[in-house]
Amino acid sequence: MASVSAPTQAAPSPAASLQRGIVKMVLSGCAIIVRGQPRGGPPPERQINLSNIRAGAMARRAAQGQTESKDTPDEPWSFQAREFLRKKLIGKEVCFTVEIKTALGREYGMVYLGRDTTGENLADTLVNEGLATVRREGIRGNNPDQARLCDLEDQSKASKKGLWSEGGGAHTIRDLKYTIENPRNFVDSLHQKPINAIIEHVRDGSVVRALLLPDHYLVTVMLSGVKCPTFKREADGTESPEAFAAEAKFFTESRLLQRDVQIILESCPNQIILGSILHPNGNITELLLKEGFARCVDWSMAVYTQGAENLRAAERSAKERKVRIWKDYVAPTANLDLKDRQFVAKVMQVVNADAMLVKMNSGELKTIHLSSIRPPRIEGEEKNKDKDKRFRPLYDIPYMFEAREFLRKKLIGKKVNVMVDYIRAATGPGESTPAFSERTCATVTIGGINIAEALVSKGLATCIRYRQDDDQRSSHYDELLAAEARAIKNGKGLHSKKEVPIHRVADISGDSQKAKQFLPFLQRAGRSEAVVEYVFSGSRLKLYMPKETCLITFLLAGIECPRSSRNMPGGVQVAEPFSDEAMLFTKELVLQREVEVEVESMDKAGNFIGWLHIEGLNLSVALVESALSKVHFTAERSAYYKTLVSAEEACRERKEKVWANYEEKPVEEVVYVTEEKERVTNYRAVYVTEICDTLHFYTQDVETGAQLENLMETMRAEIAAQPPVEGSYAPRRGDICLATFADGEWYRARVEKVESPAKVHVFYIDYGNREVVSSTRLAAMPPAFGTRTLPAQATEHAFAFIQVPQDEDGRADVVDCIVRDIQNSQCLMNVEFQGATCPHVTIQFGDTKDDAGLGLVKEGLVMVEVRKEKHLQKIVTEYLNSQESAKSARLNIWRYGDFRADDADEFGYRR
């Protein structure tokens, strides 16, 4: 920009007082911008034009949007004049006098380098160097300053300096390039090498306009890795600064504007050139962060070449000091004590590919989630693709098993360093998101290795992307992003283009048929390798057999362990003393560890029974030695019996834990209690029509049998005379209607559920059986044959004094036996007591008068359910004596002895 002659109407200032300032910017060879000292914000500034001289005009870009305007090139020697002043003045203190101020506010005066007029006169120097010309048109003869300038110009012409040199100065005109056709190729071609540059303009604290030398490219550069507050342009064209935007801009201007710097152009995403500015006095990017003028941004942090950890450290320093944009900052772990923010703990269990259960020195168990990473996951459509197959995340989500195994092998049983990064608050369920409890998210290291970074680098997890103002993230977030970039580049794990690994793991726990097929292989294998996947109780575990790729339920042989609390059909079963201690002991010793097992046999529920060894230690022996278990009589046949007995005797003598209240028990004698109230027997004839899998059964009263037969004959005759229109009846739940059974006859029924017109669930109210039929097989019930005329004839009952087996095979055996003995036959029934849902009864065969339930007990097919009512003690004692006989003979469920002392539920029964 060049100054112009002062208008003739302008008058000299009445008092040309000496003023001081610091040179902020050199506009041209004869114009500068001077600023004052900052006081609580950016200082005031003013443009001063040098009096009596003129320098060449600098190049100017054509106005945007005006097609007629064109780029204006440099005038000869204009850039050299600007550079001469720039190198001499930028950031220096000068003094000046304002001689003339035009009507438009433009100020002309004399400028001296230094604090007083004894310093170098800039106008004299420029004219002497041949970089400016003297305005002779307004020279007054009595003005010594103008006379001196003319003398200096004459000397310069004689010496042929600058403008007066031969050739006209065409070689001094720059070939200024305002645009770059392909910015990305341009940036890549420089290979991140430092380029000399001059900062020509500062848009805000983190965006500058730079002149690249020596090719004179004028480019806009955004500082990599940071973002300062900006100036937002409003609809009316005005700019409104964000908080600290003006201060950040001044901070950058005062250090970089028109300084010689070096720039490393690092990347060019979306036509935005990212770079770092190198200056001898320091790194402006780090300084902005340290002084609280900028915040780190993740999207450009990855390309920063000067060490992203330095930027995070600088930002952390500003946050701790709460300066400027961080004045209201509250750290994510501000409410935690130091001992809760950083501690050493032992890994007990890998819960998920990003979470683990650790045991602290205090003994407290705590779930820790790895900060800022997301484990492998599967989209909803993939998850629901095979609805018939039970979804198992560990095996069905690609790379979830590999991620879990990586953590398990590296961490289980080891001590790790935990540094809590943030606490994620609990969230409620949303439309597409489940509810999450409060999470402690931390960076976990072992041997100096960041576990999350290792997981991400192997492609077994991905980084979570955050909003820019979200500070709840890992303290090593940049390392995680870099690790993810490496994994993507190398095609590791989740980023691989190969087919995902498939884990076909058969779960045979509780499946007796499959267990029977596996049993011979496991028995012949001797000691087999396994991984403990879950601990149900001190003696019951779920194992993964890697060689056989199956999951099994495993019961420890030779011991009886205290039973844990359980949800039973009759309520919650209270835990036995030391059951929790036994389970915790087993968990600490073997959970998710690699072990060896010896399978000896299996029970009816499909659970395998045997011995488990970990690093040479027999878990059964370890539990007995710790006084957390007792020896079971079945151990007599094993090679470990002597070891178990000696360990048990030692604990018994010390009266430890399970032996704390041990006393030698006297021989029990059966004492018969005199009944205060006699049991009422009122057997009546019934016809058993249906037996359910739960051992509940339905009966018809023999006395009302004739009424039912007459009603059915009349009803069918009427229907035959006036058949219902097929499909005319729309069934509703609870309706009493007519239904066609498989024999083609009509029966009374109740609608229990309507899935669709093709699937209607009905209950035949006179016989107790159920069926799923099409609505075309249903018809409306004529009022004359409804339940008001004759109530439903099928009545539900349950066997008294009998426990229904919980495992499917045992229950099926009992049901088969009962169906064979009493279904579709006439029996005698006596109501013993009222149950929660139906009466509990005893059934006698019609011919022999033998008790059907007692027969089941004698055959060892069921266990006795003891009742405490005094009037029932006689029959209960009879049932118990029969049970003892079956137990002594090792019949059916008693073939392995009295399993009730061990985890009875594992065998499908409860005491």
Side-chain angles (χ1 to χ4, degrees), residues 684-798 811-812 814-829 838 841 843 845-847 852:
R684 56 190 177 88
V686 295
Y687 192 79
V688 180
T689 58
E690 179 70 16
I691 298 175
C692 306
D693 290 341
T694 58
L695 271 190
H696 283 216
F697 55 92
Y698 289 86
T699 64
Q700 294 176 351
D701 199 328
V702 172
E703 292 181 1
T704 59
Q707 297 179 41
L708 177 63
E709 288 183 10
N710 293 334
L711 182 138
M712 297 300 284
E713 287 179 7
T714 307
M715 180 183 73
R716 288 167 183 165
E718 184 173 318
I719 293 173
Q722 296 180 345
V725 179
E726 185 176 295
S728 61
Y729 173 66
R732 291 184 303 175
R733 183 181 175 186
D735 283 358
I736 300 297
C737 64
L738 296 176
T740 310
F741 192 56
D743 59 3
E745 296 289 351
W746 291 92
Y747 295 89
R748 299 194 300 174
R750 182 176 67 245
V751 178
E752 293 190 322
K753 181 180 179 182
V754 180
E755 283 188 36
S756 67
K759 289 185 178 181
V760 182
H761 296 247
V762 297
F763 171 71
Y764 293 100
I765 61 175
D766 296 317
Y767 296 88
N769 56 319
R770 289 175 168 83
E771 191 180 16
V772 179
V773 300
S774 170
S775 59
T776 57
R777 288 172 53 187
L778 303 178
M781 170 67 72
F785 308 109
T787 51
R788 289 187 178 183
T789 304
L790 182 68
Q793 292 298 290
T795 309
E796 184 180 6
H797 302 286
R811 189 164 59 246
V814 179
V815 172
D816 290 345
C817 181
I818 290 296
V819 167
R820 184 173 59 250
D821 290 344
I822 66 173
Q823 187 166 5
N824 297 326
S825 63
Q826 185 172 316
C827 301
L828 299 174
M829 183 181 74
C838 63
V841 302
I843 288 284
F845 297 117
D847 48 0

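Counting from 1, the numbers follow the sequence of the chain as shown.
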Output yes when a side-chain donor or acceptor of Thr789 lies under 3.5 Å from a complementary backbone atom of Ala784, and no otherwise. yes
Tightest non-hydrogen contact, residues Arg777 and Thr740, listed as NH2-O, 2.6 Å
Could you tell me the separation between the CD atom of Gln707 and the CG atom of Leu790, rounded to the nearest 0.5 Å? 6.0 Å
Do Leu695 and Val814 come close enough that some side-chain heavy atom pair is under 4.5 Å? yes
Which atom of Val754 lies closest to which atom of Pro731, heavy atoms considered: CG2-O, 3.9 Å
When rounded to the nearest 0.5 angstrom, what distance separates CZ in Arg716 from CG in Leu711? 9.5 Å
Do you know the tightest heavy-atom contact between Cys827 and Val688? SG-CG2, 4.2 Å
Could you measure the distance from the CZ atom of Phe845 to the CD atom of Gln826? Nearest 0.5 Å is fine. 14.0 Å
Does a side-chain N-to-carboxylate-O contact under 4.0 Å join Asp693 and Arg811? no
Is there a donor-acceptor pair closer than 3.5 Å between any side-chain N or O of Arg770 and the backbone N or O of Val762? no
Would you say the side chains of Glu796 and His696 form a donor-acceptor pair under 3.5 Å? yes
Check whether any side-chain heavy atom of Met715 sits under 4.5 Å from a side-chain heavy atom of Glu713, and report yes or no. no
Taking NZ, NE, NH1 and NH2 as the nitrogens, is one of them in Glu752 or Arg733 under 4.0 Å from a carboxylate oxygen of the other? no
Determine the minimum heavy-atom distance between Cys737 and Tyr729, stating which atoms define it. CB-OH, 3.7 Å
What residues form a side-chain contact (heavy atoms from CB on, under 4.5 Å) with Ala739, not counting sequence neighbours? Ala749, Tyr764, Leu778
Could you check whether Arg748 makes a cation-pi contact with Tyr767, meaning its NZ or CZ is under 6.0 Å from the centre of the six-membered ring and within 45° of the ring axis? no
Quick one: does Met712's side chain get under 4.5 Å of Phe785's, heavy atoms only? no
I'd like to know whether CD of Glu755 has more than 12 heavy-atom contacts from other residues, nucleotides or ligands below 6.0 angstrom. yes
Is Gln823 close to Ile818 at the side-chain level, that is, under 4.5 Å between some pair of heavy atoms? no
Do you know the tightest heavy-atom contact between Gln700 and Asp766? NE2-O, 2.5 Å
If you measure from CD1 on Ile765 to OG1 on Thr787, what distance do you get to the nearest 0.5 Å? 6.0 Å
Do Asp735 and Arg732 have side-chain heavy atoms sitting under 4.5 Å apart? yes
So His797 and Phe697, would you call those rings parallel, tilted or perpendicular, with 30° and 60° as cut-offs? tilted
Residues at least two apart in sequence or cross-chain that pass side-chain contact (heavy atoms from CB on, under 4.5 Å) with Ala794, listed by chain then number, are Tyr698
Shortest non-hydrogen contact from Thr689 to Thr699? OG1-N, 4.3 Å
To the nearest 0.5 Å, tell me how far Phe763 CZ sits from Arg750 CZ. 5.5 Å
Thr704 and Gln793: side-chain donor and acceptor closer than 3.5 Å? yes
Answer whether the closest heavy-atom distance between the side chains of Pro782 and Leu738 falls below 4.5 Å. yes
Would you say that Tyr687 contacts Asn824 through its side chain, given a criterion of any heavy-atom pair below 4.5 Å between the two side chains? yes
Considering only residues two or more places apart or on different chains, which pairs with a residue in residues 814-825 satisfy salt bridge (charged side-chain N to carboxylate O under 4.0 Å, His left out)? none
Close side-chain approach of Val760 and Val751, heavy atoms under 4.5 Å: yes
